[in-house]
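Report on the structure given below.
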Amino acid sequence: MWKLSWFLRDFGYDPELLGRNEIDDQALVDLWGVVKVSQVTVHGISVLNFDGFAPAARWEELGLYRH
């Protein structure tokens, strides 16, 4: 659950709901950020890796994201 909480916090999820361990699917609609993924093949099976995530502004600071 801590990974989900971290993800939601970084993407701007309502801290009050997060503090109560509540997920409101309507509140998820306006979250903004960047997710970095990669695809590899392991033993003939294609796997999608979830490499990282951050608010879009943070990726812009690092020069990794431009909209």
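Numbers here simply count residues along the sequence, with the first being 1.
The side-chain heavy atoms of L8 and L17, taken from C-beta on, include no pair separated by under 4.5 Å. In this structure, the side chains of V35 and F7 come closer than 4.5 Å at one or more pairs of heavy atoms. When side chains are defined from C-beta on, R9 counts as touching L18, because their heavy atoms get closer than 4.5 Å.
The CD1 atom of I23 sits 11.0 Å away from atom CG of D14, with the distance rounded to the nearest 0.5 Å. Note that OG of S5 is 9.5 Å distant from OH of Y13, once rounded to the nearest 0.5 Å.
Note on W6 and V37: same hydrophobic cluster, where clusters join Ile, Leu, Val, Met, Phe, Trp and Tyr whose side-chain heavy atoms are under 4.5 Å apart, directly or indirectly. L48 and V40 fall into different hydrophobic clusters, where Ile, Leu, Val, Met, Phe, Trp and Tyr side chains are chained together by heavy-atom contacts under 4.5 Å.
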